[in-house]
Amino acid sequence: MTINITADGVLRNLRRQRNSGGNNQKTYYIPQHPLFTYISCPNFFGEILEWFGFAIASKFSLPAMAFFIYTSSNLVPRAIAHHEWYKQKFKDYPLERKWAVIPFVV
């Protein structure tokens, strides 16, 4: 849960930084935090881990596995889309940030 909360906080602060200038022009920033070193969407990674932990805690019960599978099948494509958007939007996007949501996997 800490991964999810921390990453969401980093993203929220980027939005506040944008709005603090007084104008309504949208300015986008590359998230800079250790959680964002290798993946573009650590908030999604954290949520997937939470549901996987819930599935383990429930001894892989059908409802818990359903939540884990549904969440993963929803968030992984979103993370891939976010990752591609970041790479298109920012020419200086960090090269070491190669994965969208699961480090060394996808």
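Please read all numbers here as calculations on a predicted model, not as lab measurements.
The shortest side-chain heavy-atom distance between Y29 and N13 does not fall under the 4.5 Å cut-off. Residues L35 and T6 have side chains in contact (heavy-atom distance under 4.5 Å, counting atoms from C-beta outward). For the pair V76 and I48, the minimum side-chain heavy-atom distance is below 4.5 Å.
Residues A79 and V101 approach most closely at CB-CB, 3.5 Å, considering heavy atoms. Shown here for P31 and Y86, the closest heavy-atom pair between the two residues is CG-OH, 3.5 Å. Residues S58 and A64 approach most closely at OG-CB, 3.0 Å, considering heavy atoms. Contact record, P42 with I3: O-CG2, 3.3 Å, taken as the closest heavy-atom pair.
Tested against H82 for a ring pair (Phe, Tyr, Trp, His ring centres under 6.0 Å), the candidates F36, W99, F44 yield a single pass: F44.
Follow the hydrophobic side-chain contacts under 4.5 Å out from I80 and you reach V105 in the same cluster. In this structure, L75 is not a member of the same hydrophobic cluster as I5, with clusters built from ILVMFWY side-chain heavy atoms closer than 4.5 Å.
Contacts of Y70 classified as ring pair (Phe, Tyr, Trp, His ring centres under 6.0 Å), with partners at least two apart in sequence or in another chain: none. Remark: F45 engages no residue in a ring pair (Phe, Tyr, Trp, His ring centres under 6.0 Å) (not counting sequence neighbours). Checked against ring pair (Phe, Tyr, Trp, His ring centres under 6.0 Å), H83 has no partners two or more places apart in sequence or in another chain. Judged as a ring pair (Phe, Tyr, Trp, His ring centres under 6.0 Å), and not counting sequence neighbours, F60 has no contacts.
For residues 71-92, every residue pair satisfying the salt bridge (charged side-chain N to carboxylate O under 4.0 Å, His left out) rule, not counting sequence neighbours, is listed here: E84-K87.
The line from OH of Y38 to NZ of K98 is 10.0 Å long, rounded to the nearest 0.5 Å. In this structure, CD1 on I39 lies 9.5 Å from CZ on R97, to the nearest 0.5 angstrom. Atom CE of M65 is separated from atom CZ of F54 by 11.5 Å, given to the nearest 0.5 angstrom.
L62 forms part of no hydrophobic cluster, judged by ILVMFWY side-chain heavy-atom separations under 4.5 Å.
Classification of the W85-F90 ring pair by plane angle, with boundaries at 30° and 60°, yields perpendicular.
In terms of modelled atom types and a separation under 3.5 Å, the side chain of T71 and the main chain of F68 share no donor-acceptor contact.
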